[in-house]
A.B. asks: 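First the structure, then my questions, so here it is.
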Amino acid sequence: MSGSGHLFERLRHKVLAALEALCKAGELPPTDVSGVGVDVPKAQGHGDVATNAALMLAKPAGKPPLEIAEMIAREMRKDGSFEKVEVARPGFVNFTLKPESVVAELAEVLRTGGNYGKNTSGSGKKVNVEYVSANPTGPLHIGHVRGAVFGDVLANLLEWSGFDVCREYYINDAGLQVDVLARSAFLRYREALGEDIRAIPEDMYPGEYLCAVGKALAQEHGKSLLEKDESEWLPAVRETAVASMLKMIKEDLRELGIVQEYFASEREVLERGGVEQVLKRLNKKGLLYEGVLEPPKGKEVSDWKPREQTLFRSTAFGDDTDRALKKADGSPTYFVNDIAYHFDKFERGFSEMIDVWGADHGGYIKRQQAAVKAMTDGKGYLDIKVCQLVRLLRGGEVVKMSKRAGTFVTLRELVKEAGRDATRFMMLYRKNDAVLDFDFAKVVEQSKDNPVFYVQYAHARACSVLRAADEMPELHNKDAARDFAKLRHSKELDVIKQMAAFPHVVENAARAHEPHRIAFYLYELASVFHILWSEGKRNPSLRFLNSEDCETTLDRVGLIRGVSQILSNGLSILGVEAPEEMR
RNA sequence: GGUCCCGUAGCUCAGUCGGAUAGAGCGCUAGCCUCCGAAGCUAGAGGUCACAGGUUCGAAUCCUGUCGGGACCGCCA
């Protein structure tokens, strides 16, 4: 097969070429063809691939869809690579591929190997994916895991689509919570010096992970900090404590296989004058004013009083109400810091930004997007992906967690119990905006109830056949370049067709920012492979290995190598191992 | 009061930049190991895609409204 790109792309180009030819011949007026696509028909009996071209063009061309479909079909029949080209109501053109064309895609899979499925739709464009961004005040817990995995896999996916991706973490190291952290660490410091600190006060972080920070402070400063006033020791203690928390968080993330490259500090953004820049810029655009906000509804805010303060006209960009940028005392709000941070990203060259947030931040989407639009004159684009809650179950029973009681499940505990692979896969086996149930009992189960094992098992099974093939002396020293002429059974071709969809799936998942599609695709590919395998049990002529027939065996070994390649490629996008055996 | 998300088979969910007869797993019923991994496979039953309107040649998908479930609302972070 000639041409570049994967099967679907090539077919789409052929359809477009046919339309162009019809235009030239004066049979169709020139029209917008951006909506023309090729896809796998949902129902059986409509060929391998279909195009909606005639339906899309019917209106602009002023002709009945069936008539246009006939014209396209006539044009496409000139291409020899189709078994059948059929027109179907209301105006689809259905293509049935020749087996030669199907197996040619297998050759392509084997030729490109670990790169099969990559595309260049991102064309080197810079994109920033910010995820996790947990407050640096303690270890990561279950609530952070979903967003962490989602962001990481989305970044992988964008890389597969040819984007220049930056994986980023925003450190909230400037708010009150890091002062509380510093005070909590200071208490542990006194403890490390031998003082009896009694119970940890309500307004401090009780976690024992701070003991190590206290000891480190004692080693570094001796008793010298005890004599100082809080205003003197706090900055230094805060710095040490934040650095220590961040180190712990990075270690937590590594447990999940996640390594981010850029850690943006809120404090540094502020020190560079980020807030002043925001105020100046918005003011210049006439988007600031002094005003009084309505009191919040639905929730009591005990200390709310109507006050005049600096507001951002975010309603001009789709927000529900204008937002405060300065507190009553004139200090900047968290929101204005966030605006400064996003503008910092934009100035670092990221006009395309993706934030991965937890469900509890859903209400902040509009204002942040409004701010990016306003600050960048619409040149910056921010997509915000909200990951819904994870409900932790153990054998169908909800695991109750409480931060106060310290019964929160940490990332580390989760990975230790469920394993990295199962954790990552299951976090993606649901759309990001739907609530996810994560059942410990299910994710470690080794059966087809458990998608991660089902997919990994398919890979292990494939490898098992390849090992057996290696031990067949009659297969050695055969020419590797094959035309796969022996692969003609419909079930074999089905597997290759499923494989051929992989690049399409990767591209679409990246474009939609929906990593879960990869997980579902892999489940389907594993399924058609298991089906083919079992078919060999029923029908011995379909068994993969047959020492009486080397030609067929070699072709089938190629098929299996292709399946294992794609399973492995897809799993690598998910950051999940592709095991060679699972016994 | 308002914003966002969800509502598809008994259960858990895919499918949604509009496309053909709406799919999978679990559970249920009936089968398949002398045979490359049965951790698997085959067949069957099971649906007015929450409801009501609208747009369209065509709606699970888009728009409006209603009902049900969840997250949330700040000068906090």
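Chain letters run A, B, ... following the sequence lines, proteins first and then strands; every chain starts at 1.
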A.B. asks: With sugar-phosphate meaning primed atoms plus P, OP1 and OP2, does A:Arg367 contact a base, only sugar-phosphate, or nothing at under 4.0 Å between heavy atoms?
C.D. replies: sugar-phosphate
A.B. asks: Do any side-chain nitrogens or oxygens of A:Lys431 fall under 4.0 Å of OP1 or OP2 in B:C13?
C.D. replies: no
A.B. asks: Between B:C72, B:A38, B:A20, which one does the side chain of A:Arg461 approach most closely?
C.D. replies: B:A38
A.B. asks: For B:C33, does the O4'-C1'-N9-C4 (purine) or O4'-C1'-N1-C2 (pyrimidine) torsion place it in syn, i.e. within 90° of 0, or in anti?
C.D. replies: syn
A.B. asks: Tell me whether the rings of A:Phe438 and A:Phe440 are parallel (<30°), tilted (30 to 60°) or perpendicular (>60°).
C.D. replies: perpendicular
A.B. asks: How would you label the contact of A:Leu55 with the nucleic acid (heavy atoms, under 4.0 Å): base, sugar-phosphate, or nothing?
C.D. replies: base
A.B. asks: Given that both distances must come in under 3.5 Å, which nucleotide forms a Watson-Crick or G-U wobble pair with B:C72?
C.D. replies: B:G2
A.B. asks: In Watson-Crick or G-U wobble terms, both distances under 3.5 Å, what is the partner of B:G65?
C.D. replies: B:C51
A.B. asks: If the threshold is 4.0 Å, N to carboxylate O, is there a salt bridge linking A:Asp439 and A:Arg394?
C.D. replies: no
A.B. asks: Do any side-chain nitrogens or oxygens of A:Tyr429 fall under 4.0 Å of OP1 or OP2 in B:U12?
C.D. replies: no
A.B. asks: Among B:G70, B:A20, B:C36, which nucleotide has an atom closest to any side-chain atom of A:His46?
C.D. replies: B:A20
A.B. asks: Figure out the CD/P separation between A:Glu471 and B:G37, and round it to whole Å.
C.D. replies: 11 Å
A.B. asks: Run the salt-bridge test on A:Asp437 and A:Arg391 with the 4.0 Å N-O cut-off and return the result as yes or no.
C.D. replies: yes
A.B. asks: Write down the partner of B:A24 under the Watson-Crick or G-U wobble criteria, each distance required to be under 3.5 Å.
C.D. replies: B:U12
A.B. asks: Could you give the CG-to-P distance, from A:Leu522 to B:A14, as a whole number of Å?
C.D. replies: 16 Å
A.B. asks: Under 3.5 Å, side chain of A:Thr553 to main-chain N/O of A:Asn546, donor-acceptor pair present?
C.D. replies: yes
A.B. asks: Within the pair A:Arg538 and B:C33, is there a side-chain N or O less than 4.0 Å away from OP1 or OP2?
C.D. replies: no
A.B. asks: Rounded to the Å, how far apart are A:Asp437 CG and B:C26 P?
C.D. replies: 18 Å
A.B. asks: For A:Ala88, report the nucleic acid contact type (base, sugar-phosphate, nothing); a contact means any heavy atom under 4.0 Å.
C.D. replies: base
A.B. asks: Check whether the ring centres of A:Tyr131 and A:Tyr169 lie less than 6.0 Å apart, and answer yes or no.
C.D. replies: no
A.B. asks: Give, ordered by number, those residues of residues 525-533 of chain A having at least one heavy-atom distance below 4.0 Å to an atom of RNA chain B; if nothing qualifies, reply none.
C.D. replies: A:His530, A:Ile531, A:Trp533
A.B. asks: What's the closest nucleotide to the A:Asp433 side chain, out of B:C4, B:A20, B:C5?
C.D. replies: B:C5
A.B. asks: Need one value for A:Phe453: base, sugar-phosphate or nothing, where a base atom within 4.0 Å counts as base even if backbone is also close, heavy atoms only.
C.D. replies: nothing
A.B. asks: For B:U29, what is the paired nucleotide under Watson-Crick or G-U wobble rules, both distances under 3.5 Å?
C.D. replies: B:A43
A.B. asks: Under the 5.5 Å and 30° test, is A:Phe92 stacked on the base of B:A20?
C.D. replies: yes
A.B. asks: Could you check which nucleotide pairs with B:A60 in any of the strands shown, counting Watson-Crick or G-U wobble with both distances under 3.5 Å?
C.D. replies: none
A.B. asks: To the nearest Å, how far apart are A:Lys385 NZ and B:C6 P?
C.D. replies: 11 Å
A.B. asks: Between A:Asp338 and A:Tyr364, is any side-chain donor less than 3.5 angstrom from a side-chain acceptor?
C.D. replies: no
A.B. asks: I'd like to know whether the aromatic ring centres of A:Tyr429 and A:Phe520 sit less than 6.0 Å apart in this structure.
C.D. replies: yes
A.B. asks: So which nucleotide does B:G18 pair with, by the Watson-Crick or G-U wobble rule with both distances under 3.5 Å?
C.D. replies: none
A.B. asks: For a quick test of reading the model: is some side-chain N or O of A:His459 closer than 4.0 Å to OP1 or OP2 of B:A39?
C.D. replies: no
A.B. asks: Do A:Phe150 and A:His516 have their ring centres less than 6.0 Å from each other?
C.D. replies: no
